Amino acid sequence: MSTLRVLYVTPECTPWVKTGGLGDVSAALPPELARLGCEVALLIPAYRAMQALTAGASPVAEVPAHGELPACRVLQTRLKNGVRLLLLDAPALYDREAGPYLDATGRDWPDNALRFGALSHAAAHLCRAGLADGWLPQVLHCHDWPAALAPVYLRYGPPAEVASIVTIHNLAFQGIFPAQTLHALGLPESSFTLDGVEYWGQVSFLKGGLACADAITAVSPNYAREIQDKELGFGLDGLLHARRAVLYGILNGIDIQTWNPADDPLIAAPYDSDRLEAKALNKLALQKRLGLPQDEAVPLLGSVGRITLQKGFDLIAEVAETLVHGGTPVQFALLGSGSLELENRLLALQAAHPRAIGLKIGFDEKLAHLIEAGADMFLMPSRFEPCGLNQMYSQRYGTPPVANATGGLVDTIEDYDGTPESAAQATGCLCREASPEAFLAAVRRALDCYADKKLWRQL
Ligand code: ADP
Ligand code: GLC
């Protein structure tokens, strides 16, 4: 069988650098591609969090300086699963404390255009020059805006024999910078057009990538359709519609080994569909962990995510308030960080109802697993959701999702509409719009189902 050589370019990879689902996908997809017969090399900046890997890696390429992008080295090591890991070594850009996109105060790194311009430029360079051992990619697979400039460098520089793909994980983040950034990035004036990186007088990484890539994928079929319309197109709907012949929706998968309730070191007690009783031990542990009264019977509603309007955390707050004020016996287990305003709203709710609202602000991988395992249902009233991984994790953990019918949530959740017939195929509850009323109705439907033990078991 002939192998396909794929250069996979990403700003995040679990467990080293993760702000959301892209980190998990970048850890899970390359080894699966390898299983299908691809030779995958994953290119990622050598962030400080990857120092231990960098130490044992050896140089396999030099990327020359370009515009204001510094010269960088590419270091290679192998992951345990055999995937080649290529670390883009440029300490001035990446050797910093704090996140991949934001500094410790939560502001964008001021030189993000250079940091991810360098990543994209290095990817394009490797497509032309290959690695020291002669390895040369046939497919360039770029993830989100930080990698999206690579096909632009290919179009407006020396050509390479490579097919390029840009995968959209979230159209809300586009990498838009002032027009003069063009020169710093070493891109010619000729790229500052409708067919290139120009976007309303500015430089857009994602727009450039979507215009120049040979193919585009979005992380679910439904999202691939939605982004061709104004409502969820974030200004790029026209371009995406024009390129629809090469736009594919491919549903994300999850890593079923890392997310396996029968063998998950991060939860309190292992269980599976044949030993569902043990799930209750996780519920008790979760209640304890968040300072809630330990009670097996009270419905426990969990959520984990970026605390943003995208994820509908305001709707969660609103529904929690209504249920708790109305005296419905219910508890919440919430984890996340994001908008200060929304965080404060949730903190105030917790302070007012400490026996009903369990909340941790921050990033906590272990608690995220425990919430998937210990909660009875998982809330995801996203306003838009390119794919979403948490609803898939929650289904794997026997924790039915209650979600808004948008994006990948539609492709991955079968709705329980309140009839016993629908319970046979259903895997969760969906609401038709991201409003407090619609979401509350879906949560109530799930709570009614929960009260009927047989029906709930079926779900
Ligand atoms: P998105 O990528 O839009 O944030 P996804 O559902 O695709 O949403 O993926 C989110 C991933 O990030 C999940 O693995 C989720 O558990 C994780 N995650 C998000 N916020 C936190 C947090 N505060 N603590 C731990 N894990 C988190
Ligand atoms: C993005 C999206 C999310 C998706 C993830 C992985 O962060 O917001 O819906 O699951 O990428 O593709």
Side-chain angles (χ1 to χ4, degrees), residues 6-13 19-30 32-33 36 116 120 123 139-152 163-176 197 199 204-255 305-306 308 310-312 380 382-393 403-413 430 434:
V6 180
L7 181 63
Y8 185 109
V9 190
T10 178
E12 296 186 28
C13 186
T19 69
L22 174 56
D24 286 1
V25 170
S26 295
L29 183 54
E32 286 304 310
L33 291 174
L36 294 173
F116 296 112
S120 298
V139 174
L140 167 64
H141 191 181
C142 306
H143 293 267
D144 269 353
W145 75 265
L149 221 48
V152 178
S164 59
I165 305 172
V166 168
T167 292
I168 304 168
H169 293 265
N170 195 336
L171 209 52
F173 304 106
Q174 301 185 358
I176 296 177
V197 295
Y199 182 72
S204 166
F205 275 48
L206 187 61
K207 188 252 161 172
L210 297 178
C212 295
D214 295 308
I216 300 167
T217 75
V219 287
S220 68
N222 193 38
Y223 191 60
R225 286 186 292 272
E226 289 173 341
I227 54 179
Q228 296 181 50
D229 283 331
K230 208 169 165 57
E231 197 189 334
L232 293 181
F234 284 94
L236 294 172
D237 38 298
L239 171 62
L240 288 163
H241 188 69
R243 301 220 64 200
R244 65 188 178 283
V246 295
L247 167 61
Y248 304 87
I250 302 177
L251 194 65
N252 279 336
I254 59 168
D255 175 343
R306 293 181 287 112
T308 57
Q310 180 201 334
K311 298 289 176 187
M380 230 169 143
S382 307
R383 289 192 163 76
F384 65 94
E385 194 59 80
C387 180
L389 300 178
N390 274 318
Q391 81 282 10
M392 294 195 263
Y393 297 148
N404 182 33
T406 184
L409 297 171
V410 172
D411 292 324
T412 54
I413 299 171
L430 290 172

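Please read these numbers as outputs of a predicted model, since none were measured by experiment.
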(message) My understanding is that only residues two or more places apart in sequence, or in another chain, count here; which of them pass salt bridge (charged side-chain N to carboxylate O under 4.0 Å, His left out) with Asp411?
(response) none
(message) For Tyr199 and Leu206: C-alpha separation, side-chain torsions, deciding distance, then whether side chain to side chain contact (heavy atoms under 4.5 Å, CB included) applies.
(response) CA-CA 10 Å; Tyr199 182 72; Leu206 187 61; over 6 Å; no
(message) Pair Asp24, Asp255 - check side chain to side chain contact (heavy atoms under 4.5 Å, CB included), show working.
(response) CA-CA 8 Å; Asp24 286 1; Asp255 175 343; over 6 Å; no
(request) Give a yes or no on whether the backbone of Ser26 and the side-chain of Glu12 come within a donor-acceptor separation of less than 3.5 Å. (result) no
(request) Just jot down the side chain to side chain contact (heavy atoms under 4.5 Å, CB included) partners of Leu33, sequence neighbours excluded, or say none. (result) Leu29, Cys38, Val40
(message) Rounded to the nearest 0.5 Å, what separates atom CG in Asn404 from atom CZ in Arg383?
(response) 9.0 Å
(request) Applying salt bridge (charged side-chain N to carboxylate O under 4.0 Å, His left out), name anything that partners Arg306, two or more places apart in sequence or on another chain. (result) none
(request) Return yes if some donor-acceptor pair links the side-chain N/O of Arg243 with the main-chain N/O of Leu210 below 3.5 Å, else return no. (result) yes
(request) Compare every heavy atom of Val166 with every heavy atom of Gly209, then report the nearest pair and how far apart it is. (result) O-CG2, 3.8 Å
(message) Could you walk me through whether Val246 and Asp214 satisfy the side chain to side chain contact (heavy atoms under 4.5 Å, CB included) test, starting with their C-alpha distance in whole Å, then the side-chain angles of each, then the deciding distance to 0.1 Å, before giving a yes or no?
(response) CA-CA 7 Å; Val246 295; Asp214 295 308; over 6 Å; no
(request) Find the distance between OG (Ser220) and CD1 (Ile168) and round it off to the nearest 0.5 Å. (result) 10.5 Å
(request) Classify the ring geometry between Phe205 and Trp145 as parallel (under 30°), tilted (30 to 60°) or perpendicular (over 60°). (result) perpendicular
(request) For Leu239 and Ala211, work out which heavy atoms get closest and say how close. (result) CD2-N, 4.2 Å
(request) Indicate the atoms forming the closest heavy-atom contact of Pro30 with Val25, along with that distance. (result) CD-O, 3.8 Å
(request) Kindly write out the residues that satisfy side chain to side chain contact (heavy atoms under 4.5 Å, CB included) with Thr412, not counting sequence neighbours, or none if the list is empty. (result) Leu251, Gln391, Met392
(message) Holding to salt bridge (charged side-chain N to carboxylate O under 4.0 Å, His left out), I want the full list of residues that pass it with Lys311, two or more places apart in sequence or in another chain.
(response) Glu385
(message) I need the minimum non-hydrogen distance between Ala218 and Leu247, along with the two atoms involved.
(response) N-CD1, 4.4 Å
(request) Report the distance from atom CG of Leu409 to atom OH of Tyr223, rounding to the nearest 0.5 Å. (result) 12.0 Å
(request) Heavy atoms only: give me the nearest Leu171-Gly233 pair and the separation to one decimal. (result) CD2-O, 3.4 Å
(message) Any non-hydrogen side-chain atom of Phe116 less than 4.5 Å from a side-chain atom of Leu149?
(response) no
(request) Could you tell me whether a side-chain N or O of Ser204 sits under 3.5 Å from a main-chain N or O of Ile176, the two making a donor and an acceptor? (result) no
(message) So, using side chain to side chain contact (heavy atoms under 4.5 Å, CB included) as the criterion, who are the partners of Ala242 when residues are at least two apart?
(response) none
(message) What I'd like to find out is whether the side chain of Cys13 reaches to under 4.5 Å of the side chain of His143, using heavy atoms alone.
(response) no
(request) Mind checking the CZ-CD spacing from Phe384 to Glu226? Nearest 0.5 Å is all I need. (result) 10.5 Å
(request) Nearest 0.5 Å please: distance from the CD1 atom of Ile227 over to the CD1 atom of Ile216. (result) 8.0 Å
(request) Taking all heavy atoms of Ser120 and all of Ala148, pick out the closest pair and write down the distance. (result) OG-N, 3.9 Å
(request) Give the C-alpha distance, both sets of side-chain angles, the deciding distance and a yes or no for side chain to side chain contact (heavy atoms under 4.5 Å, CB included) between Asp237 and Asp229. (result) CA-CA 5 Å; Asp237 38 298; Asp229 283 331; 5.6 Å; no
(request) Could you tell me the separation between the CG atom of Asp144 and the CG atom of Asn170, rounded to the nearest 0.5 Å? (result) 6.5 Å
